[in-house]
Amino acid sequence: VDGRLADTRDDLAPGEREWLLRSEARWRRAHAIASRHPGIDVGDAYHVLRALELSPSERLRRGLTRVRAGTHVR
């Protein structure tokens, strides 16, 4: 981890620091997945990994909220 990020972590509340560490680990995993599967966008892999951490009902709620808000694009 680069020194600037480590310095930033010291300024975070414990909950924020935990979230950042989980997010960094998720990004590393997303990059590993994308490197093994050309054509997969690393950002898409990250979002799938994040969604897998949610309960099925939370994933459904978020999906329905986006559709209702009109952000669903065909």
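As the structure is a prediction and not an experimental result, all values here were calculated from the model.
- Using a 4.5 Å heavy-atom threshold, the side chains of E16 and L20 count as separate.
- Contacts classified as salt bridge (Lys or Arg N to Asp or Glu O under 4.0 Å) and involving residues 29-42 (residues at least two apart or in different chains) are not found.
- Here CG of D44 is found 11.0 Å from CG of L49. Values are rounded to the nearest 0.5 Å.
- Looking at R22 and E53, no side-chain N of the basic residue comes within less than 4.0 Å of a carboxylate O on the acidic one, giving no salt bridge.
- Using a 4.5 Å cut-off between side-chain heavy atoms of Ile, Leu, Val, Met, Phe, Trp and Tyr, V48 falls into a hydrophobic cluster with L52.
- Checked against side-chain contact (heavy atoms from CB on, under 4.5 Å), R62 has the following partners two or more places apart in sequence or in another chain: R50, L54, E58, R66.
- Transitive grouping of hydrophobic side chains (ILVMFWY, heavy atoms separated by less than 4.5 Å) keeps V42 and I33 in distinct clusters.
- Formation of a donor-acceptor pair under 3.5 Å by the T65 side chain with backbone atoms of R61 is found in this model.
- Contacts classified as ring-ring contact (aromatic ring centres under 6.0 Å, His included) and involving residues 29-56 (residues at least two apart or in different chains) are given here: W27-Y46.
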